[in-house]
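Numbering of residues begins at 1 and proceeds along the displayed sequence.
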Amino acid sequence: MESTLTARDRVGVQDFVLLENYTSEAAFIENLRRRFGENLIYTYIGSVLVSVNPNKDLEIYSKAHMERYRGVSFYEISPHIYAVSDNTYRAMRTERRDQCILISGESGAGKTEASKKILQYYATTCPVADRMSTLRDCLLQSNPVLEAFGNAKTLHNDNSSRFGKYMDVQFDFRGAPIGGHILNYLLEKSRVVHQNHGERNFHIFYQLLEGGEQDLLSKLGLERNAQKYQYLVKGCCPRVSSINDKNDWRTVRKALTVIGFHEDEVEDLLNIIASVLHLGNTQFGEGKNGENQITTEPQLKYLSKLLGVDGAALREALTHKKITAKGEEMISPLSFEQAVAARDALAKAVYGRAFTWLVVKINQSLAFKDDVYNSSKGSSSVIGLLDIYGFEVFQHNSFEQFCINYCNEKLQQLFIELTLKSEQEEYEAEGITWEPVKYFDNKIICDLVEEKHKGLISILDEECLRPGEPSDISFLEKLEDTLGGHAHFVTHKLANAKTRKAVSREEFKLIHYAGEVNYSVNGFLDKNKDLLYRNLKEFDMSPLCFPLFDEALVRHQVKYLGLMENLRVRRAGFAYRRHYETFLQRYKSLCPGTWPNWQGRLADGVATLVQHLGYKPEEYKLGKTKIFIRFPKTLFSTEDSLEARRPALVLTLQTSWRGYRERAKYLRIRHAVIQSAWRGMKSRQRARRRRHAVDIIRKFIKGFIYRHYERCPENEYFLDHQRFSFLMMLFRNSPKNVLDKSWPIPPPSLTEASEHLCRLCMQNMMHAYCRRIQPEWKKQMEQKVVASQIFKDQKDSYPQSVPKLFVASRLNNEEFNLKVIQTLGNDKVKYGIEVTKYDRRGYKARPRLLLLTSSFAMLVAEAKLKQRIDYAALKSISVSSLSDGFMVLHVPSEDNKQKSDVVLQCDHLIEVVTKLATMADKKIKVNMSQDSIKFAVAQGKEGVIDFTSGPELKVAKGKKGHLLVTAPKLNP
């Protein structure tokens with residue numbers, strides 16, 4: 001870099017950090033002018049690359065130039081887009097972190113071309129193997145396809161991107177591209193049906209008409225004349241001198257084949273393009289009865305053929321609308337204006353979906369294939385490429401330009417935060433003293449647009465949702481009422497006498513970071529209601545072209561892109577910084593004190609290293625976690641020292657490798673010398689093991705023969721082994737709980753011992769179980785035993801209740817009325833549950849609480865004690881065998897006034913009956929009935945409950961005065 005300073009009077013400096021008068025905007029622009037005059041369109045501001053669009057082809061993008069920048073330090077040679085590309089690629093490889101390149105600038109600044117150059121660099125210089133060559137071709141050929149379907153001529157740019165694009169390029173552990181993905185941020189679909197004067201529709205329409213074969217055009221029903229199509233004549237610009245539509249058509253067809261489109265897919269795509277042109281030529285007129293109808297039958301015929309739809313249905317859809325009112329569908333005819341709007345909406349939707357499908361198909365060809373490459377070899381990394389919209393100012397600016405320019409405001413805010421605020425905060429966090437820089441912060445403009453409840457977007461959304469008849473003018477009036485005092489918002493009503501003429505009554509003016517723009521509110525509400533247009537708040541793209549060197553435009557961009565602020569920040573502090581760990585890891589070999597490894601604090605290691613390298617105090621500062629270097633030449637000298645040191649490092653590594661290799665050779669020889677002795681020792685050991693095994697087998701066979709004799713020398717080994725085996729089997733397979741009745745079968749000689757062991761084992765498990773059981777669990781088991789005695793094989797719902805634990809009570813203390821508790825006195829409620837009591841006369845269901853104490857049960861309704869049943873007076877309980885919850889408490893009555901038997905229903909019948917049986921001192925008889933239960937209503941009178949099986953539980957009063965209960969059978 002220093003070698004170019006001698007010619008700085010002619011070519012300027014290639015890094016604005018080295019500009020002597022770095023605070024002067026005039027000096028900044030003059031440096032750009034000098035370099036532009038010498039076809040040097042790239043200049044650095046530290047790590048930021050500033051590019052001026054030359055609007056012509058320069059011979060600086062050849063493969064030789066790519067090789068020149070490949071693997072070279074960022075600042076060693078002249079600035080270039082390839083240097084940024086290579087630096088990003090090497091940062092991804094060395095730091096093993098995903099990277100992103102952000103390309104920003106006003107319309108026509110050359111952002112799309114810059115992104116193409118970056119992709120070409122990676123496709124050419126990165127390692128390629130197997131499928132990688134196909135992927136490289138797909139990456140490169142995706143550009144002409146996307147440009148054909150997504151680019152158009154605008155007032156300032158003959159190849160303006162009308163959609164936002166973010167591309168991911170995925171690399172494997174070797175640095176080879178293995179996949180990619182494109183994310184498009186909505187197409188400018190309104191261009192399909194309307195273009196401003198001097199602009200064109202998307203390129204693909206003109207390419208098809210100019211370059212398509214005659215047979216193809218005839219098949220699609222098209223003529224080779226763009227003037228005959230309404231969607232192509234509104235801009236009055238069918239041909240452009242800088243564009244060769246015929247050649248571009250051939251390029252697109254070839255690219256589609258390379259990417260992997262089949263012929264039938266291309267045919268479907270072209271059918272859609274042709275159908276859009278036919279839609280534009282579809283006209284409407286008045287019929288015999290005054291109705292609106294289609295007057296161009298040929299277009300309707302071609303549309304039904306190309307789109308694959310029924311012609312009558314399409315005619316109906318374009319001239320009528322379906323209305324749903326009070327659940328009924330009605331067909332209503334469209335007016336002429338409504339029909340035209342419906343036609344245009346269909347054209348935009350068809351083209352938009354075709355473009356989305358196109359991007360999906362391209363992504364399929366770029367996708368990473370696991371079957372082609374084994375991902376387990378290493379992790380992959382990504383380089384993201386964001387080609388973002390440029391600022392747009394037209395003679396007539398509407399909702400689309402508002403969304404695009406708002407996106408640029410957000411981008412500028414991000415640029416300010418990352419390049420300016422982050423610089424200041426980083427220096428302050430590291431404890432480095434520097435001179436603060438004042439800059440224009442556009443946060444006030446972003447808040448004007450996006451602030452919740454008060455921002456322009458919130459007001460627009462609110463107006464769209466407002467009941468009544470909102471209009472664009474009412475939206476403008478609401479803006480004036482809400483934003484009237486904002487310094488960056490002006491309308492005709494709010495403007496002063498000098499500026500009022502510049503803003504019409506249907507416009508509002510926003511003072512953006514890049515200048516003032518008047519927006520017409522006409523169509524704002526309708527476009528905002530379209531969800532696609534809502535998404536333009538996030539992204540859109542319209543790069544415009546510069547003249548060859550327009551100083552006013554350059555000065556405007558330099559100011560509002562924050563380039564001067566960026567330069568001031570870097571020159572006020574330090575242009576470069578590195579983390580201690582990274583800096584020390586890279587350059588530790590240059591200092592004997594830090595090589596091969598530094599064991600102390602990283603900051604001390606870096607201090608030792610820079611002192612050895614001879615850094616001057618004014619060249620660097622040490623922060624808390626980073627070293628800050630002021631001049632690029634300081635870093636260059638360090639890199640040169642590292643390059644000079646590398647041969648010595650290589651020699652050291654070679655020496656170590658040779659030593660390792662010779663030692664390995666020596667170890668192999670030594671191993672061969674002692675190997676024979678080792679094999680002899682191992683053979684003798686195997687022989688001894690074999691002889692011992694033979695003796696054991698002989699003893700075992702002889703013992704098996706004498707196994708039925710009394711113990712003697714011939715069978716003692718066998719019997720001992722048999723006893724040991726049985727005991728080990730018993731140890732491994734003994735019962736684990738008292739319910740396990742399994743026991744290994746013993747040999748005949750151990751039958752008696754096995755019986756004693758089995759008895760001792762069971763006694764031990766029973767004692768252990770009894771010691772572990774808790775009082776609550778014991779009580780639970782006692783109740784389960786009682787329930788089993790009463791209901792087992794009797795009640796249909798009993799099997800389902802077995803695994804469910806009985807609870808202490810189904811009611812909380814808070815559910816007891818205070819008066820009831822006072823009535824009980826010293827008697828405590830042991831159990832409570834909600835039940836339904838059926839009256840003896842009429843069987844009316846009444847909710848009650850059944851409370852059980854130690855001596856009696858009682859029924860409670862709210863605060864009143866309805867009935868008390870002493871356990872001593874409880875004669876028996878009757879239940880059915882079905883899964884219903886009915887029970888009858890039989891209580892004998894001595895006179896007519898005393899209450900008799902009680903009919904109850906509850907959810908946990910088995911639990912309630914068990915509690916009653918457990919709490920009563922005497923044994924309560926529980927009757928189980930299959931069909932019916934009889935109970936005493938009063939002296940001499942009986943009531944009957946009839947039970948039947950059914951799909952669900954039902955309770956009703958029968959004709960004979962019986963209570964009919966239907967219950968499902970759970971265990972058929």
Side-chain angles (χ1 to χ4, degrees), residues 667-668 670-795 798-806 970-972:
L667 291 175
R668 287 195 301 272
R670 188 178 71 173
H671 179 71
V673 171
I674 64 176
Q675 198 172 30
S676 58
W678 172 257
R679 285 197 296 267
M681 183 188 71
K682 296 299 289 182
S683 298
R684 288 189 292 272
Q685 288 179 349
R686 286 194 295 271
R688 284 195 298 267
R689 287 197 297 270
R690 283 196 297 268
R691 283 195 299 270
H692 178 71
V694 168
D695 292 340
I696 295 298
I697 292 172
R698 284 174 179 170
K699 289 182 180 180
F700 194 85
I701 294 174
K702 198 170 187 179
F704 179 78
I705 296 173
Y706 287 90
R707 65 185 182 281
H708 297 301
Y709 290 83
E710 295 292 332
R711 187 178 182 87
C712 61
E714 285 78 7
N715 64 7
E716 62 180 354
Y717 179 82
F718 178 81
L719 294 178
D720 289 343
H721 175 77
Q722 194 178 50
R723 178 173 55 189
F724 176 78
S725 300
F726 174 72
L727 292 176
M728 290 304 298
M729 180 177 62
L730 187 62
F731 173 75
R732 298 188 186 97
N733 303 300
S734 60
K736 300 299 186 293
N737 56 71
V738 294
L739 299 179
D740 187 0
K741 302 302 182 182
S742 63
W743 188 261
I745 300 175
S749 61
L750 296 176
T751 301
E752 183 179 358
S754 174
E755 294 175 354
H756 285 292
L757 289 173
C758 181
R759 184 170 57 255
L760 290 174
C761 179
M762 294 302 296
Q763 291 176 355
N764 182 56
M765 288 192 296
M766 291 174 61
H767 292 161
Y769 180 80
C770 292
R771 286 194 301 271
R772 292 195 305 269
I773 193 170
Q774 298 295 325
E776 289 296 328
W777 185 246
K778 181 179 180 181
K779 183 178 179 181
Q780 182 75 217
M781 293 187 66
E782 291 174 347
Q783 294 178 359
K784 287 291 183 178
V785 170
V786 174
S788 175
Q789 294 171 351
I790 297 173
F791 296 103
K792 185 177 180 181
D793 300 328
Q794 300 292 327
K795 186 71 172 173
Y798 173 73
Q800 284 73 24
S801 70
V802 172
K804 299 178 181 178
L805 297 180
F806 293 158
L970 302 180
N971 300 289

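Side-chain atoms of Arg686 and Ser683 form a donor-acceptor pair, as typed in the model, at a separation below 3.5 Å. A donor-acceptor contact closer than 3.5 angstrom is absent between the side chains of His692 and Arg689.
Interatomic distance, CE of Met765 versus CE of Met762, reported as 4.0 Å (0.5 Å rounding). Note: Tyr717 OH to Arg698 CZ = 14.0 Å, rounded to the nearest 0.5 Å. Rounding to the nearest 0.5 Å places CZ of Arg707 at 8.5 Å from CD of Gln722. Distance CG/Leu757 to CG/Leu727: 7.0 Å, rounded to 0.5 Å. Remark: Lys699 NZ to Glu716 CD distance equals 8.5 Å, nearest 0.5 Å.
The backbone N or O of Lys784 sits nowhere less than 3.5 Å from a side-chain atom of Ser788 that would complete a donor-acceptor pair. Side-chain atoms of Ser801 come within 3.5 Å of backbone atoms of Tyr798 as a donor-acceptor pair (strictly under, hydrogens ignored).
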- Where do Leu760 and Gln763 land on the side-chain contact (heavy atoms from CB on, under 4.5 Å) test, with the steps shown first? CA-CA 5 Å; Leu760 290 174; Gln763 291 176 355; 4.1 Å; yes
- Take Trp777 and Leu805, measure what side-chain contact (heavy atoms from CB on, under 4.5 Å) needs, and give me the verdict at the end. CA-CA 10 Å; Trp777 185 246; Leu805 297 180; 3.5 Å; yes
- Step by step, work out the side-chain contact (heavy atoms from CB on, under 4.5 Å) result for Arg688 and Gln685. CA-CA 5 Å; Arg688 284 195 298 267; Gln685 288 179 349; 3.4 Å; yes
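Few gaps surround CD on Gln675; more than 12 heavy atoms of other groups in view lie less than 6.0 Å from it. Dense packing is recorded around CG of Leu667, with more than 12 heavy atoms of other residues, nucleotides or ligands lying under 6.0 Å away.
Scanning for ring pair (Phe, Tyr, Trp, His ring centres under 6.0 Å) contacts around Tyr769 gives an empty result, with sequence neighbours left out. Taking the salt bridge (charged side-chain N to carboxylate O under 4.0 Å, His left out) definition, one finds that Asp720 meets it with Arg711, Arg723, sequence neighbours left out. Judged as a side chain to side chain contact (heavy atoms under 4.5 Å, CB included), and not counting sequence neighbours, the contacts of Tyr706 are Lys702, Tyr709, Glu714, Asn715. For the ring pair (Phe, Tyr, Trp, His ring centres under 6.0 Å) test, residues two or more places apart in sequence or in another chain that qualify with Phe718 are Phe700, Phe704. Looking at residues two or more places apart in sequence or on another chain, you find a side chain to side chain contact (heavy atoms under 4.5 Å, CB included) between Ile697 and Ile701.
The two residues Met729 and Pro744 have their closest heavy-atom pair at CE-CB, 3.7 Å.
Under the side chain to side chain donor-acceptor pair (under 3.5 Å) criterion, the residue pairs touching residues 733-748 are Asp740-Ser742, Trp743-Ser754, with sequence neighbours excluded.
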